[in-house]
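See structure below.
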Amino acid sequence: MNSMKKAVRLRFAPSPTGPLHIGGVRTALFNFLFVKKHQGTLLLRIEDTDRSRYQEGAEAYIRESLEWCGIQFDEGPYRQSDRQEIYRQHVGKLLDAEYAYYAFDTVEDLDRMREEEKEKGNHVPKYDAKTRMQMKNSLTLSPEEVERRLASGDPYTIRLRMPEEGEISFDDAVRGEVSFATRELDDKIIMKSDGWPTYHLANVIDDYTMEISHVIRGEEWLSSTAHHIYMYRGFGWEDHIPQFAHIPLILKPSGKGKLSKRDGQKFGFPVFPMAWKNREKAEDNFEGFDSFGFSPAAVINFLAFLGWNPGTEQEIFSMEQLIEAFSLKQVAKSGAKFDFDKARWFNQQHLQDQAPEQFLQGALPFLKQAGIETDGHARLSEILGLVQPRVHTYQEVPTACHFFYSDRFELDVKTIRKRWKPEIKPHFEALTKQLSELPDFESSSIKVFVSAYLAEHGLSFGQMLPLLRVALTGAAAGPDLFKIMELLGREEVFPRFARAPGQFEAQGT
RNA sequence: GGCCCGUUCGUCUAGGGGUUAGGACGCCGGGUUUUCAUCCCGGUAACAGGGGUUCGAAUCCCCUACGGGCUGCCA
């Protein structure tokens, strides 16, 4: 460790193999929060060394999603596919230092070795200090043979030669000291036979050349960190090993294992920030938090609390507040199960805090999608004002206010059965008739009038109001009934009241 | 199987030698002289087990159990 103060530079390094899932977004978020907290630099690096898994549009998706979330980069994107030459040059140093060697084994050779080892009782055989001397590589072949194979263009990989003796340990910012015996570690391929580096090599070279000071990444990388550190040694970069912070994984809500792409459909919630659609195969289309009606601020807030918390009792945070409060010391060590109910609650809290105009903008696409034509309706803001405090997602908005735009809806049968009594019917008719003669059709006047009528006839709100509500909206629940009447206006209210008794009776008692 | 990491209410977590073990989600119950999907109030519920260390362990150590990750010419 050198004591020179390094500039705070972090990277988020996704692989463009499909839409970025919520775990990746959280990793990006923690990187972002840390960088902003320390006035550092965040860069985006696209790890596209696996051409076979490359997906068109994935990089654009990653950038759009992160932008939607409010996560910005100061540099990049850098693409590993543009840096092939850099990796080639560097790997030579590892070869020269005998930290790496050529391996000529075919996929079949490897399969055979694994089979044979298994038969010998080695349950999960590795290409390592124990087995490498049985394989075809520059450690077992004569220098002339190696030379010949290289010259003749035989396919080869380059493997990291992990020493048989020794320990590699490091101080992880969330887990403390972690150490590995090198003899337990396999000789990872760092350069593939197609000429591309694997993650392990590219990642180390890039982090060094891009002067990365801290690596915040998922716990799935913890096991290979010793390999990475070993490469820093081989390159002579020991003084430039970044501070590692391995953050806990996001787990499935039920069952076991880390949250995966398919869990969205399985459990009925989004696992991607934005929808990923219009793919050829139906099963490759995914919903997103956006299409579920979430505000990005809520998604961020929810994600931040999966594996981190400020140590205070505050739960609702803006991005600015998260930056202010964030610290790696408060990151939990254990995996966190994804809890969609909690996500909905965060969203509801954020929606309630929104300015009316912001809420309207968020809700608009969902209204359109539901076929509600809002253009030219001056009362939209008022309607949304009634709805905003009651919804958990934008998605609920159309259902919550469709009756303002249409008088065709299902009636809540339960309420009708419970409340529609023969002795109520005359009062329903008399009350609505007298209401129609009210000179001032404004919620407070309506309320005064209705209250007086009920009091005069010894009826409770509970006997009458649910019926009025079902007549007007179809539903048993919703915003203040008198406000609804005012906004609906007489010309909508009274026809609905007039037809109601017939509809109620048709529903049967 | 091996290695690494972890384990506080059902879930997310606070707490790091002495606490009535706190909060939030969910759930349940009340209230808002109407509904409830809002809001308010209240309630239920946890230190995985066993050994140490200590006057005293949820907190420190060890073991076991359980969970997760890795164990690919994927990242």
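Just so we're on the same page: letters track the sequence lines, and every chain starts at 1.
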Check: B:C70 base within 3.5 Å donor-acceptor of A:S223 side chain: no
Results of salt bridge (charged side-chain N to carboxylate O under 4.0 Å, His left out) for A:K136 - residues two or more places apart only: A:D109
Nucleotide paired to B:U33 in any strand shown, Watson-Crick or G-U, under 3.5 Å: none
Touch class at under 4.0 angstrom, heavy-atom based, for A:W196 against every strand present: nothing
B:G18 to B:C61 separation - P atoms, rounded to the nearest Å: 16 Å
Sugar-phosphate only, base, or nothing, as touched by A:H246 at under 4.0 Å among non-hydrogen atoms: nothing
Sugar-phosphate, base or nothing in reach of A:T49, heavy atoms under 4.0 Å: sugar-phosphate
Separation of the C1' atoms in B:C62 and B:A57, to the nearest angstrom: 15 Å
C1'-based separation of B:G23 from B:U32 [nearest Å]: 25 Å
Distance, P atom - from B:C73 to B:A65, rounded to whole angstrom: 32 Å
Sugar-phosphate, base or nothing in reach of A:Q463, heavy atoms under 4.0 Å: nothing
Flag for A:H392-A:N347: side-chain donor and acceptor within less than 3.5 Å: no
Interatomic distance at C1', B:G49 relative to B:G43, whole Å: 30 Å
Nearest-angstrom distance, P atom, B:G2 to B:A46: 35 Å
Whole-angstrom distance between B:G26 and B:U13, as gauged at atom C1': 15 Å
Sugar-phosphate only, base, or nothing, as touched by A:Y199 at under 4.0 Å among non-hydrogen atoms: base
Aromatic ring proximity, centroids under 6.0 angstrom, A:H457 and A:Y453: yes
A:R175 (side chain) and B:C5 (base): donor-acceptor pair under 3.5 Å: no
Sugar-phosphate only, base, or nothing, as touched by A:A476 at under 4.0 Å among non-hydrogen atoms: base
B:U54 and B:G16, which share atom name C1', separated by this distance in whole Å: 16 Å
Steps toward ring pair (Phe, Tyr, Trp, His ring centres under 6.0 Å) verdict (A:Y61, A:W276): CA-CA 8 Å; A:Y61 173 92; A:W276 169 266; 5.3 Å; yes
